2 protein chains.
Amino acid sequence: MANIKDIAKMAGVSVTTVSRVLNNHPYVSEEKREAVRSAMVECNYQPNLNAVHLSKGETLLIGVVTPFINHPYFGQLLEGIANEAVKNNYKLVLFQTNYEEEREVEALQMLQFKQIDALIICSRICGMDIIEEFVAYGPIVLCEDARGKNVSSIFIDQYQTFSKALMYLHNKGHQRIGYSIFRKSGTNSKLREKAYKEFLREMNEPFNPEYIFYDCLKFEDGVHVVERLLKMSSPPTALVVTSDIVAAGILTFCKEKEIQIPEDLAIMGFDNQPIAKIMHITTLEIPLVEIGRKLFLQAIDNSEPSHEEVFVKLIERETV
Amino acid sequence: MANIKDIAKMAGVSVTTVSRVLNNHPYVSEEKREAVRSAMVECNYQPNLNAVHLSKGETLLIGVVTPFINHPYFGQLLEGIANEAVKNNYKLVLFQTNYEEEREVEALQMLQFKQIDALIICSRICGMDIIEEFVAYGPIVLCEDARGKNVSSIFIDQYQTFSKALMYLHNKGHQRIGYSIFRKSGTNSKLREKAYKEFLREMNEPFNPEYIFYDCLKFEDGVHVVERLLKMSSPPTALVVTSDIVAAGILTFCKEKEIQIPEDLAIMGFDNQPIAKIMHITTLEIPLVEIGRKLFLQAIDNSEPSHEEVFVKLIERETV
DNA sequence: CTGTTAGCGCCTTCAT
DNA sequence: ATGAAGGCGCTAACAG
């Protein structure tokens with residue numbers, strides 16, 4: 001492992017000069033620059049990143065917080081982040097939190113202690129107040145509407161989006177509309193609940209807590225939804241399902257139970273994941289890979305916190 | 001950001017002593033140890049990892065090479081790796097390669113240049129010769145049978161496993177058996193092909209290249225399989241599908257086309273992913289999360305390369 | 001048991 | 001345009 005000193009010796013210059021060409025600094029004669037270059041290729045020289053990091057106080061590491069990594073939603077997000085990271089020569093440090101606040105704080109602390117340069121939080125359980133304690137230590141970017149806050153964000157307008165979905169179902173003639181979601185709390189969940197209640201009020205429909213299905217994250221969670229549906233005397237005729245993979249699960253079990261889609265039950269998915277296309281699920285397209293890309297770019301952008309809204313598109317297929 | 005010197009000063013000791021308590025070295029009086037400890041908590045001291053890494057020549061970073069991260073197979077593997085990584089205070093550096101050799105070499109070079117401590121290669125396209133060029137630089141662990149090679153590995157016996165699946169189908173009365181797989185080449189693919197051909201020979205069945213379906217990676221790839229199936233004059237009556245997610249896709253499309261499972265077509269999945277349970281897919285259980293765990297442990301184990309076989313279990317459900 | 005000191009490899013003033 | 005030298009924060013002989 002040749003180091004900067006060796007290169008300097010070989011090229012007959014000082015380490016400073018080597019460092020200069022390494023960092024594309026001006027004021028190096030073309031001659032010496034060339035000598036250094038060839039010495040570097042000869043030794044197949046690679047700078048020791050730890051030394052660079054120590055010296056510069058930066059790491060080229062970006063932390064990524066997700067509750068799970070093995071889930072299509074976060075998988076797509078990660079994919080977008082990872083692709084952009086390689087392009088920019090950054091590495092990712094993964095924090096799989098399972099929504100444990102402790103894990104999130106660990107990630108935040110890595111930022112505080114300069115072990116990573118920035119932190120992308122794809123989903124969180126900790127309060128905004130905790131996040132804000134750490135904004136001073138480095139860029140934090142959230143995947144939720146954080147306008148007005150001191151962190152960057154890429155977000156979709158959950159309220160609008162959810163309202164749009166509900167309205168679409170309403171216009172298709174549905175009165176009893178329910179929805180499934182993963183978490184009861186969480187910023188996005190609350191916005192959706194708000195949109196839901198607001199919608200009911202406008203439509204003059206009663207609020208039936210039974211029509212909300214929580215803990216829906218994976219394909220198999222669709223089972224429970226269908227099971228509960230079967231037991232209800234007056235089940236909803238339409239469901240907004242905040243994840244295509246769950247929608248796919250519901251669809252599959254409905255077929256097993258001979259519930260006709262969309263006649264007996266209309267289903268509106270979320271995300272437009274590949275499975276939605278395959279199973280002809282009507283859904284709201286959320287460009288997750290693209291969002292991941294933007295999240296990364298925001299993380300390495302050292303200017304002021306910025307906020308960017310991403311728009312969703314309703315994709316009509318055969319489940320509504 | 002207090003550093004080791006500050007702590008030393010506060011505690012009235014030398015930096016060495018601080019370093020000693022930091023690294024749990026013996027020969028520090030309980031008294032001073034305590035003084036150092038309290039100074040550390042008072043400043044909320046965190047060692048600068050870059051400095052530690054530079055000094056020790058290690059990074060506490062483990063590279064993980066996967067072709068894709070957004071796929072249940074690699075997702076589960078990653079999950080296992082990630083869980084064990086946090087336990088051991090290591091961070092993961094992700095390399096999503098899309099099976100581009102260049103990306104794999106990049107990862108290998110990061111090992112060479114000490115930017116990561118070890119490298120886990122979950123799946124590869126580059127030749128073993130290339131891998132072996134890098135073994136001198138640090139632990140490399142593969143998720144395939146690498147016995148006899150100079151790298152560690154966790155693996156399942158692909159040949160045996162595939163034979164077992166084929167034999168199971170045969171015993172269920174199937175003569176025309178095909179299989180679907182992602183890659184044509186690749187170590188595992190070749191072993192499976194070998195097992196397949198050997199099986200046919202033993203059973204005295206002809207080899208029909210049409211019965212092999214390549215490029216099957218995702219749910220939606222099941223479509224193409226079914227489409228081809230429909231066009232065949234003498235389609236296979238059973239399929240070994242080397243990924244449950246693909247099996248699920250095939251199952252779904254068969255239902256759409258009114259192909260009865262298992263009557264018209266028997267399906268044997270692979271991995272026992274959650275979807276297999278839900279859709280009642282008969283499958284071979286491969287403990288991917290556990291494999292991920294073991295891969296990580298091997299990566300940080302500095303002793304000689306070791307090899308561990310992991311065993312699979314056939315899970316009978318309703319698609320055969 | 002404890003402290004002094006020389007690195008680890010690179011960057012960056014400061015002189016020249 | 002170039003180089004000498006100090007420093008980033010920590011570890012690990014070595015000496016005592």
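Naming convention: chains lettered A, B, ... in sequence-line order (proteins, then strands); numbering from 1 in each chain. Since the model is a prediction, treat every value here as computed from it, not as a measurement. Below, each value reflects all heavy atoms present in this structure, side chains not excepted, and no hydrogens, waters or symmetry copies.
Looking at Glu104(B), its side chain does come within 3.5 Å of a backbone N or O of Cys126(B) through a donor-acceptor pair. Proximity of a side-chain donor or acceptor of Asn3(B) to a complementary backbone N or O of Lys5(B) within less than 3.5 Å is detected. In terms of modelled atom types and a separation under 3.5 Å, the side chain of Gln298(B) and the main chain of Ser153(B) share a donor-acceptor contact. In this structure, the side chain of Asp145(B) engages the main chain of Arg147(B) through a donor-acceptor pair within 3.5 Å. With hydrogens and angles disregarded, a donor-acceptor distance shorter than 3.5 Å links the side chain of Thr59(A) to the backbone of Leu61(A).
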Subject >> Evaluation steps, side-chain contact (heavy atoms from CB on, under 4.5 Å), between Ile4(B) and Leu22(B) >> reply: CA-CA 10 Å; Ile4(B) 199 173; Leu22(B) 232 31; 4.2 Å; yes

**OP:** Using the side-chain contact (heavy atoms from CB on, under 4.5 Å) rule, take Phe296(B) and Lys87(B) through it: C-alpha gap first, then chi angles, then the decisive distance, then the call.
**Re:** CA-CA 11 Å; Phe296(B) 177 85; Lys87(B) 272 191 211 160; over 6 Å; no

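Following rounding to the nearest Å, Asn48(A) (CG) and dG7(C) (P) show an atom-to-atom distance of 17 Å. To the nearest angstrom, C1' of dG7(D) lies 9 Å from CG of Leu54(A). Atom CD1 of Ile4(B) and atom P of dG7(D) are 18 Å apart (whole Å). Atom CG of Leu22(A) and atom P of dG9(C) are 14 Å apart (whole Å). Rounded to an integer number of Å, the gap from Leu49(A) CG to dC8(C) P is 18 Å. Atoms CD (Glu58(B)) and P (dG9(C)) sit 14 Å apart, rounded to a whole Å. Rounded to a whole Å, the NE2 atom of His53(B) is 17 Å from the P atom of dC10(C). Between Lys9(B) atom NZ and dG9(D) atom C1' the separation is 14 Å, expressed in whole Å.
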Extract from the structure each pairing of a protein N or O with an N or O of nucleotides 12-16 of chain C at less than 3.5 Å, listing the distance.
from: dT12(C); atom 1: O4; to: Thr16(A); atom 2: OG1; distance (Å): 3.4

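Note on Val18(A): nothing from the nucleic acid sits closer than 4.0 angstrom, heavy atoms only.
Side-chain N/O atoms of Thr17(A) include one lying less than 4.0 angstrom from OP1 or OP2 on dG3(D). For dG9(D), the OP1/OP2 oxygens have a side-chain nitrogen or oxygen of Asn3(B) closer than 4.0 Å.
Using a 4.0 Å cutoff on non-hydrogen atoms, the parts of residues 26-47 of chain B near DNA chain D are Tyr45(B), Pro47(B), ordered by number.
The side-chain heavy atoms of Leu77(B) and Thr66(B), taken from C-beta on, include no pair separated by under 4.5 Å.
Looking at Arg124(A) and Thr97(A), their side chains never bring a donor and an acceptor atom within 3.5 Å of each other.
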